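Have a look at the structure below before the remarks.
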Amino acid sequence: RKKTENLKGDKHMKKLTAVICTAMMALSLTACGGNTKEVSVDPDKLAQELLTAVTSDDLSKSTMDLSTVYFYDANNVSSAVAYASSGATSCEVAVVESKDASETADVEKNFKTRVENQKNLYASYNAEEAGRLDDAIIKSAGKYTVLCVCDDTDKANEILKENGF
């Protein structure tokens, strides 16, 4: 009789465990939705909006192959635009549209490397600008990744939020 009660208890415990595991998996799947949101922005327009709203520096549009500046794989990118200072300040704005949202993690990593490299460079001659890089904004949404080093990070974050970031 005791053995029968133990078996029933084991069955209930197994069912409860299965229900808890199923719930945990469902919750973890919804939490992993990071870069899969449907976002559609024009990289040029977004970069221009950030440029005019959040920096007082006179930034120039880069005419270089941006994959050589930000070290992303050009084969994985649909379009990219960047504005940067002449070197007097660390301000810059870059928007990269990857061909697939799965590529944004690599672009983010490369943007982080860029920020660290710039910090090291500016630390050697302009510590204030090196400090500004501590507040660099790097965000991704959908297949877009943004780097923004600017005067007004609150306004930049507001603009990015309005655009789905």
Side-chain angles (χ1 to χ4, degrees), residues 24-126 129-165:
M24 297 281 283
M25 286 190 316
L27 287 173
S28 69
L29 289 174
T30 59
C32 292
N35 285 346
T36 59
K37 354 181 201 180
E38 284 299 316
V39 173
S40 180
V41 296
D42 178 328
D44 288 311
K45 285 182 181 177
L46 179 57
Q48 193 63 273
E49 183 178 2
L50 287 166
L51 175 71
T52 57
V54 300
T55 183
S56 58
D57 194 10
D58 187 22
L59 305 183
S60 301
K61 188 173 184 177
S62 180
T63 56
M64 297 177 64
D65 174 4
L66 295 179
S67 66
T68 63
V69 176
Y70 298 104
F71 302 109
Y72 57 75
D73 184 346
N75 294 321
N76 297 332
V77 170
S78 298
S79 67
V81 61
Y83 291 86
S85 167
S86 62
T89 71
S90 58
C91 292
E92 70 182 288
V93 173
V95 181
V96 173
E97 178 183 3
S98 299
K99 290 181 179 174
D100 185 78
S102 65
E103 302 297 331
T104 59
D106 287 337
V107 177
E108 275 189 38
K109 184 177 117 199
N110 293 333
F111 279 175
K112 288 175 185 173
T113 300
R114 164 77 175 175
V115 168
E116 286 304 312
N117 290 342
Q118 291 295 88
K119 269 191 219 180
N120 293 334
L121 175 66
Y122 279 98
S124 69
Y125 72 94
N126 191 338
E129 290 302 314
R132 185 194 312 243
L133 287 153
D134 290 332
D135 296 326
I137 299 168
I138 300 172
K139 290 190 175 188
S140 292
K143 57 186 178 174
Y144 304 92
T145 310
V146 175
L147 165 63
C148 186
V149 180
C150 62
D151 298 324
D152 189 347
T153 56
D154 289 338
K155 181 66 176 171
N157 278 313
E158 181 183 311
I159 290 168
L160 291 172
K161 186 175 181 180
E162 290 168 2
N163 282 278
F165 288 83

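Only a predicted model underlies this, so the values are computations on that prediction, with no experimental measurement involved.
Annotation: side chain of Phe165 is in contact with side chain of Leu46 (closest heavy-atom distance under 4.5 Å). No side-chain heavy atom of Gln48 sits under 4.5 Å from any side-chain heavy atom of Lys45. Side-chain contact check for Tyr72 versus Leu66: some heavy-atom pair is nearer than 4.5 Å. Considering only heavy atoms from C-beta on, Lys61 comes within 4.5 Å of Asp44 through its side chain. By the 4.5 Å heavy-atom criterion applied to side chains, Leu50 and Cys150 are not counted as neighbours. For the pair Cys91/Leu59, a side-chain contact is recorded, criterion being any heavy-atom separation below 4.5 Å from C-beta on. Taking 4.5 Å as the limit, every side-chain heavy atom of Ser90 sits out of range of all side-chain heavy atoms of Gln118. In this structure, Tyr144 and Asn163 have side chains that are not in contact, with every pair of non-hydrogen atoms separated by 4.5 Å or more.
Thr55 places no side-chain N or O within donor-acceptor distance of the main-chain N or O of Leu51, the cut-off being under 3.5 Å.
Residues satisfying the side-chain hydrogen bond (donor to acceptor under 3.5 Å, both in side chains) criterion with Thr89, sequence neighbours excluded, are Asp57, Ser85. In this structure Ser98 satisfies the side-chain hydrogen bond (donor to acceptor under 3.5 Å, both in side chains) test with no other residue, sequence neighbours excluded. Partners of Tyr122 by ring pair (Phe, Tyr, Trp, His ring centres under 6.0 Å), not counting sequence neighbours, listed by chain and number: Tyr125. Take Thr68 and apply the side chain to side chain contact (heavy atoms under 4.5 Å, CB included) test, not counting sequence neighbours, and it matches Met64, Asp65.
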Solution key, residues 155-162 side-chain donor-acceptor pairs under 3.5 Å, sequence neighbours excluded:
| residue | atom | partner | partner atom | Å |
| --- | --- | --- | --- | --- |
| Lys155 | NZ | Glu158 | OE2 | 3.4 |
| Asn157 | OD1 | Lys139 | NZ | 2.9 |
| Asn157 | ND2 | Thr153 | O | 3.1 |

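A salt bridge is defined here as a Lys NZ or Arg NE, NH1 or NH2 lying under 4.0 Å from an Asp or Glu carboxylate O, and Lys99 with Asp73 fails to meet this definition.
For the residue pair Ser79 / Glu97, a side-chain donor-acceptor distance below 3.5 Å is found, with atom types taken as modelled.
Identified under the salt bridge (Lys or Arg N to Asp or Glu O under 4.0 Å) test for residues 109-122, with sequence neighbours left out: Glu92-Arg114, Glu116-Lys119, Lys119-Asp134.
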